[in-house]
Undergrad: 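Take this structure, written in structure tokens, and hold onto it; I'll ask about it next.
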Amino acid sequence: MTMLVDSHCHLDFPEFESERDTIIDHARAAGVTRMVTISTRVRRFDQVRAIAEAYDEVYCSVGTHPHNADEELDVTVDELVALSAHAKVVAIGEAGLDYHYDKSPRAAQAQGLRTHIAAARLTGLPLVIHARSADKDMAEILRNESRKGQFPFVLHCFSSGSELARIGVELGGYISFSGILTFKNSDDIREIARQVPHERLLVETDAPFLAPVPYRGKRNEPAFVAHTAAVLADTIGLSDTDVHQMTTDNFFRLFSKMPRPA
Ligand SMILES: [Zn+2]
Ligand SMILES: [Zn+2]
């Protein structure tokens with residue numbers, strides 16, 4: 001069986017409480033050999049790190065989700081850098097801009113994003129970027145910050161426009177597709193997937209949310225990433241095996257701190 005990876009999930013969320021062993025078993029059975037469980041609050045990072053420590057297959061990030069940006073404006077670059085020194089921390093984030101929900105004031109989201117960018121630049125760890133309905137401001141921040149010094153990043157759960165995808169790639173970023181890629185009405189997202197260079201493509205679940213077809217509407221889990229990979233293969237005209245290989249290679253190139261299993 002080929003190796004699959006889930007570049008973005010939230011194993012600390014209550015949807016998985018008391019079922020984590022089962023969920024990881026499902027992932028193993030589906031050939032999903034590595035998962036990155038993504039931090040949404042630095043103040044709750046201990047729970048995320050504990051999950052990464054409990055399973056060989058699981059690594060984690062550290063950061064503040066844009067929804068929670070205003071709660072954690074006191075998080076400093078130094079704090080993120082210090083927390084990221086742990087062997088299981090392979091990324092910074094998720095941080096970004098979400099103008100769809102606007103749960104934090106936009107200025108707080110932007111400030112949080114810049115703090116996380118600085119930590120990514122200092123550590124060389126990739127920044128996991130959450131961008132929703134904020135294409136113009138995201139493009140501007142990425143351009144300006146990249147000019148100050150490059151940093152690795154991924155635009156996760158890509159649902160923005162083709163221009164932001166193009167700029168992301170131009171700045172050296174990766175584009176990660178979630179179950180949204182499999183939805184019937186996602187022709188525009190599939191078209192973007194065709195335009196992204198193969199060496200920048202990633203797949204993820206964003207579990208427990210956004211389960212791919214045929215599980216749409218149900219609780220998502222890392223094992224389901226195979227369904228998104230299959231649609232990606234279809235979309236870009238490669239075999240499933242080639243897409244597993246390619247997205248796994250890309251994953252280990254981006255999350256370069258993570259040792260690749262033999
Ligand atoms: Zn996100
Ligand atoms: Zn997420």
Side-chain angles (χ1 to χ4, degrees), residues 5-17 20 23 27 32 34-45 47-49 51-52 58-72 75 80 89-104 106 108-110 112-113 115-117 120 125-135 137-138 141-142 152-161 164-165 168 173-181 183 186 189 192 202-212 219-225 228 251 254-255:
V5 289
D6 184 358
S7 70
H8 192 119
C9 55
H10 295 282
L11 298 177
D12 62 318
F13 280 22
E15 286 86 345
F16 296 124
E17 185 113 57
R20 238 170 260 123
I23 293 295
V32 180
R34 287 292 178 269
M35 291 150 258
V36 186
T37 192
I38 302 292
S39 165
T40 56
R41 268 162 277 196
V42 173
R43 301 294 168 239
R44 295 189 193 175
F45 172 64
Q47 297 166 38
V48 171
R49 184 177 48 203
I51 293 168
V58 181
Y59 286 75
C60 68
S61 70
V62 59
T64 308
H65 193 284
H67 287 351
N68 309 102
D70 60 340
E71 296 164 37
E72 298 202 338
V75 169
L80 289 170
V89 180
V90 296
I92 305 292
E94 63 183 295
L97 305 174
D98 192 317
Y99 294 175
H100 178 76
Y101 288 108
D102 271 327
K103 286 197 183 173
S104 277
R106 292 181 179 186
Q109 297 186 43
L113 174 56
T115 300
H116 286 72
I117 288 173
L125 296 176
L127 176 64
V128 178
I129 297 178
H130 174 109
R132 184 142 185 220
S133 307
D135 294 36
D137 287 359
M138 181 57 75
I141 289 176
L142 289 178
F153 67 89
V154 51
L155 289 164
H156 106 87
C157 191
F158 196 83
S159 62
S160 302
L164 184 58
Y174 288 67
I175 311 289
S176 182
F177 291 97
S178 68
I180 293 175
L181 188 79
F183 297 171
S186 292
I189 298 298
I192 290 168
L202 291 175
V203 284
E204 66 172 79
T205 58
D206 208 6
F209 313 118
L210 295 167
R219 183 190 66 180
N220 198 3
E221 57 175 90
F224 296 169
V225 77
T228 300
F251 175 88
L254 178 66
F255 297 100

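What you see is a predicted model, and the numbers here were worked out from it, not measured in a lab. Just so you know, ligand 1 is whichever comes first in the structure, and atom 1 is the first atom listed for that ligand. Numbering of residues begins at 1 and proceeds along the displayed sequence.
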Undergrad: When rounded to the nearest 0.5 angstrom, what is the spacing between CZ in Phe16 and SG in Cys9?
TA: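 Here the rounded value is 7.0 Å.
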Undergrad: Between Ser186 (side chain) and Leu181 (backbone), is there a donor-acceptor pair under 3.5 Å?
TA: no
Undergrad: Enumerate the protein N/O/S atoms at a distance below 2.8 Å from the Zn ion (ligand 1), ignoring waters.
TA: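 Under 2.8 Å from the Zn ion (ligand 1) - ignoring waters, which are not counted - the protein N, O or S atoms are Glu94 OE1, His130 ND1, His156 NE2.
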Undergrad: Apply side chain to side chain contact (heavy atoms under 4.5 Å, CB included) to Asp98 and His67, showing your working.
TA: CA-CA 7 Å; Asp98 192 317; His67 287 351; 3.3 Å; yes
Undergrad: Between Thr37, Thr40, Asp206, which is the residue that forms a side-chain hydrogen bond (donor to acceptor under 3.5 Å, both in side chains) with His10?
TA: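 It is Asp206; the other options fail the test.
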Undergrad: Atom CZ of residue position Arg43 - does it have more than 12 heavy atoms of other residues, nucleotides or ligands inside 6.0 Å?
TA: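 Yes.
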Undergrad: Scan side-chain atoms only and decide if His130 and Gln109 contain a donor-acceptor pair under the 3.5 Å cut-off.
TA: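 No, no side-chain donor-acceptor contact under 3.5 Å.
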